[in-house]
Amino acid sequence: MGRKILLEHIDKPGIDQIESYIKYGGYRSVSKALKEMTPDEVTEEVKKSGLRGRGGAGFATGLKWSFLDKSTDKPRYLLCNADESEPGTFKDRLLMEKIPHLLIEGMITSSYALGCNTSYIYIRGEYMFILRILQKAIAEAYAKGFLGKNILGSGFNLDLYVHPGAGAYICGEETALIESLEGKRGNPRIKPPFPAVSGLWNCPTIVNNVESIAAVVSIVNEGGDEYAKTGIGKSTGTKLISASGNINKPGVYEIEMGVPVEEFIYSDEYCGGIKNGLELKACVPGGSSVPILPKHHLLYESNGNPRLMSYESLSEGGFATGSMLGSGGFIVYDEKQCIVRNTWNFARFYHHESCGQCSPCREGTGWMERVLHNIEYGHGKMEDIDLLWDIQRKIEGNTICPLGDAAAWPVAAAIRHFRHEFEYHVKYRNRVFDEDHVYQPEMKAQLV
Amino acid sequence: MLKVTIDDISIEVPPGTTILQAARMIGQNVPPAMCYYSKLEGSGGKCRTCLVKVTKGSEKDPRPMPKLVASCRTGVMDGMEVRNETSPEVIDARKGVTEFLLINHPLDCPVCDQAGECKLQDLSYEHGLAKSRYEFKRREFEKRDIGDKIQLHMNRCILCYRCTQVADQLTPERVHGVLNRGEVSEISTYIEQAVDNDFSGNMIDVCPVGALTDKTFRFKSRVWFTKPMLAHRECTTCSGKVTLWFQGSEVLRVTTRKDKWNEAEAFICNDCRFEKKKTEDWTIDGPAHIDTHSVIAQNHLPFELPVVQKNLPDAL
Ligand SMILES: Cc1cc2nc3c(=O)[nH]c(=O)nc-3n(C[C@H](O)[C@H](O)[C@H](O)COP(=O)(O)O)c2cc1C
Ligand code: SF4
Ligand code: SF4
Ligand code: FES
């Protein structure tokens with residue numbers, strides 16, 4: 001059994017209520033930080049912990065915090081990104097639903113470190129029921145004196161609000177989130193300036209994922225060095241993985257960074273192997289935006305070593321043979337799944353979610369979706385495959401925010417690793433699927 | 001002062017200058033700008049036609065930038081080196097952006113009032129493909145009047161956001177913005193309300209394409225058959241400095257005066273633009289300069305002739 005840091009107490013009765021939460025050691029980090037540590041000491045521990053942002057980009061949290069502009073007397077803000085809308089990712093939900101106080105505790109401790117007196121949790125509109133859970137927990141924290149004026153007699157004040165979005169994936173991008181929180185259309189801002197210098201209402205702002213903020217609690221409790229002992233290399237601590245697809249045990253798993261991918265898929269502690277005794281075909285290891293990998297690249301690095309669940313190992317080999325840990329949305333495909341159909345489905349999502357500000361993403365996402373739809377439904381031409389490659393290439397890197405890249409990468413990776421499936425769709429347009437749209441394993445053989 | 005080198009030409013610029021502004025100061029190899037508008041705060045960054053490659057970040061940090069950057073929104077650093085037209089990567093990306101801007105465009109230039117002074121025409125002439133690779137139905141919207149003087153032809157819009165910035169920044173109330181998301185975004189007034197204020201007509205002039213047109217000029221003439229003259233009048237609302245577009249002795253259209261970068265020198269009021277269409281309303285200052293680059297120039301050789309003559313010996 002791996003070490004559990006975030007979900008250790010998830011099964012304890014009444015853990016969503018403050019009394020139980022405190023009974024199991026909750027809110028210790030608040031009294032420790034506020035009474036025994038300076039804000040900079042808290043930041044220092046987060047730096048030492050090596051914690052990397054759990055929202056997708058994996059940027060070092062302590063380093064990000066140190067960019068916060070403290071030279072002005074403007075207010076500073078901490079925003080928790082609970083927009084969680086990446087297909088395949090559903091871990092923040094579990095955390096907030098079951099242990100809401102862990103996030104609130106993390107928000108208090110982190111706000112103290114950053115010198116924020118007003119902080120927000122921006123939650124996706126579809127999580128309205130969780131918003132109520134959080135609001136109830138926040139009210140409990142106010143009643144116990146963990147929020148409000150002069151917290152635990154330390155002189156530190158903090159107000160915490162939950163704000164719902166209206167159901168747009170793009171509002172998870174940190175600057176779109178800020179715009180949305182300001183009451184505007186959720187268009188990403190053009191950077192620089194970065195939020196740490198000019199964010200919410202043009203004040204210095206830090207945006208962090210739910211899981212990143214929750215991890216701060218144990219970093220403060222046990223110390224950054226201790227936290228960093230779990231994990232491997234520059235991937236310290238534990239990571240919540242949302243496992244879905246054709247596996248026996250879908251769900252959210254807390255893993256120590258460094259578990260081999262093979263173990264994660266096949267061991268009974270985690271996914272429990274592929275469903276219905278079928279073969280593993282491919283996997284999107286970090287949420288819909290990251291490149292899909294075929295089995296051999298998924299299980300082994302380019303040097304033949306087993307691939308591990310960590311930032312470094314999953315990205316080993318670059319996009320040629322690797323992928324990314326991303327937000328930890330681990331989607332597994334068995335041998336019967338159709339890669340073209342899956343790629344079309346993702347493309348449809350990005351087409352629907354593009355904010356439309358910049359031309360390559362606004363126009364390119366729709367174009368890719370239509371071409372993929374044609375191929376999938378037997379109207380494709382061989383040139384369409386190269387056309388798709390060309391479109392994704394012209395979107396990637398040329399947009400305002402990373403949604404453009406996120407739309408381009410899955411298409412690129414599918415063509416890179418599964419070009420034969422696209423070709424098969426064009427060549428044998430009537431034969432691709434049986435009735436319930438299942439991939440025909442013999443098709444590869446027919447092509448070569 | 002900061003030194004920046006664009007396509008091997010160096011210039012010193014004050015801090016806060018963007019790469020695009022520096023290129024405009026140099027005056028050659030200037031990236032095309034479909035959304036940036038120096039007079040509108042927060043404009044730029046959206047169309048991506050002005051992408052350039054920064055091969056050296058600065059003297060202090062000489063690392064190249066990992067991606068192409070929007071020159072209109074990227075500030076110059078001392079010692080920066082930039083490639084625009086000398087970078088195949090930039091030209092390739094610009095071709096891509098041009099194609100993206102055109103896939104849903106109706107290509108109805110023959111019936112569009114903007115034809116001849118349309119920046120999308122210029123862009124596709126320079127960076128477009130001869131043939132469209134897009135095989136699908138283009139997106140369509142209904143034509144709509146916004147007020148009695150302006151028509152919105154959303155099919156032609158490239159979503160540069162300039163008009164919404166005019167609405168935000170020049171007029172007392174926010175009157176229109178962008179509805180919906182992604183490919184189906186549209187410029188819209190709030191619940192079909194008319195745009196009605198003293199400066200709303202300027203959105204016609206900032207629009208790089210024929211999405212916003214002057215209803216008092218609609219279909220009266222092709223712009224290249226009209227002759228532009230600078231003129232002014234005493235106006236209490238605006239500077240009163242305009243360009244009149246004549247056909248014979250008749251004023252067909254009044255617009256702002258445009259500078260070299262096709263930007264309004266000063267915004268004008270709706271009274272000057274829509275109501276003063278008699279020659280007697282104005283004092284004529286002389287012919288307006290027309291960029292030889294533009295299609296309108298085809299009918300205006302007399303203004304360019306001296307230049308042509310000057311270069312004649314070289315050409316021979
Ligand atoms: C299109 C898009 C959607 C995103 N959605 C989320 C999200 O739902 N949750 C999240 O935490 N980060 C999301 N991000 C990443 C955020 O921009 C930001 O990097 C992150 O919240 C930073 O937190 P971290 O450093 O703790 O990871 C998204 C980014 C993009 C480009
Ligand atoms: S990349 Fe897409 S989502 Fe991001 S700003 Fe551009 S249009 Fe909007
Ligand atoms: S209507 Fe014209 S000015 Fe307004 S966004 Fe569209 S192209 Fe730009
Ligand atoms: S002019 Fe720079 S992005 Fe449009």
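Proteins get letters first, then strands, A, B, ... in listed order; numbering begins at 1 in each. Just so you know, these numbers use all the heavy atoms, side chains as well, and skip hydrogens, waters and symmetry mates.
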Chemist: Please look at B:Ile103 and chain A and tell me whether the side chain, the backbone, both or neither of the residue comes under 4.5 angstrom of a heavy atom of that chain.
Modeler: side chain
Chemist: For the interface with chain B, which of A:Ala168, A:Cys355, A:Pro192 has the highest count of heavy-atom pairs at distances below 4.5 Å?
Modeler: A:Cys355
Chemist: For residues 78-104 of chain B, which residue pairs pass the ring pair (Phe, Tyr, Trp, His ring centres under 6.0 Å) check, not counting sequence neighbours?
Modeler: none
Chemist: Please look at B:Leu179 and chain A and tell me whether the side chain, the backbone, both or neither of the residue comes under 4.5 angstrom of a heavy atom of that chain.
Modeler: backbone
Chemist: List the atom of A:Ile190, the atom of B:Gly45, and the distance in Å for their closest heavy-atom pair.
Modeler: CD1-CA, 3.7 Å
Chemist: Would you enumerate the inter-chain donor-acceptor pairs between chain A and chain B whose distance is below 3.5 Å?
Modeler:
unit_1   : atom_1 : unit_2   : atom_2 : d
A:Arg185 : NE     : B:Tyr161 : OH     : 3.4
A:Arg185 : NH1    : B:Val178 : O      : 3.3
A:Arg185 : NH1    : B:Asn180 : O      : 2.7
A:Arg185 : NH2    : B:Asn180 : O      : 2.9
A:Asn187 : ND2    : B:Tyr161 : OH     : 2.9
A:His351 : NE2    : B:Glu183 : OE1    : 2.7
A:His352 : O      : B:Arg181 : NE     : 3.0
A:His352 : O      : B:Arg181 : NH2    : 3.2
A:His352 : ND1    : B:Arg181 : NH2    : 3.3
A:Glu353 : OE1    : B:Arg181 : NH2    : 3.4
A:Ser354 : O      : B:Gly182 : N      : 2.9
A:Cys355 : O      : B:Gly182 : N      : 3.1
A:Gln357 : OE1    : B:Lys46  : NZ     : 2.4
A:Ser359 : N      : B:Lys46  : O      : 3.4
A:Ser359 : OG     : B:Cys47  : O      : 2.6
A:Arg362 : NH2    : B:Ile158 : O      : 3.2
A:Glu363 : OE1    : B:Asn104 : ND2    : 2.7
A:Glu363 : OE1    : B:Arg139 : NH1    : 3.4
A:Glu363 : OE2    : B:Arg139 : NH1    : 3.4
A:Glu363 : OE2    : B:Arg139 : NH2    : 2.9
A:Arg370 : NH1    : B:Tyr134 : OH     : 3.0
A:Arg370 : NH1    : B:Glu183 : OE2    : 2.8
A:Arg370 : NH2    : B:Glu183 : OE1    : 2.9
A:Arg370 : NH2    : B:Glu183 : OE2    : 3.4
A:Lys381 : NZ     : B:Glu135 : OE1    : 3.1
A:Lys381 : NZ     : B:Glu135 : OE2    : 2.7
A:Asp390 : OD2    : B:Arg133 : NH1    : 3.1
A:Asp390 : OD2    : B:Arg133 : NH2    : 2.7
A:Arg393 : NH1    : B:Asp92  : OD2    : 2.8
A:Arg393 : NH2    : B:Asp92  : OD2    : 3.4
A:Asn398 : O      : B:Arg48  : NE     : 2.9
A:Thr399 : O      : B:Arg48  : NH2    : 3.3

Chemist: Side chain, backbone, both or neither: which part of B:Leu159 has a heavy atom under 4.5 Å from chain A?
Modeler: both
Chemist: Give a yes or no on this: more than 12 heavy atoms of other residues, nucleotides or ligands lie within 6.0 Å of atom CE of B:Met154.
Modeler: yes
Chemist: Could you measure the distance from the CD1 atom of A:Ile400 to the SG atom of B:Cys47? Nearest 0.5 Å is fine.
Modeler: 9.5 Å
Chemist: Do other residues, nucleotides or ligands put more than 12 heavy atoms under 6.0 Å from the NZ atom of A:Lys74?
Modeler: yes
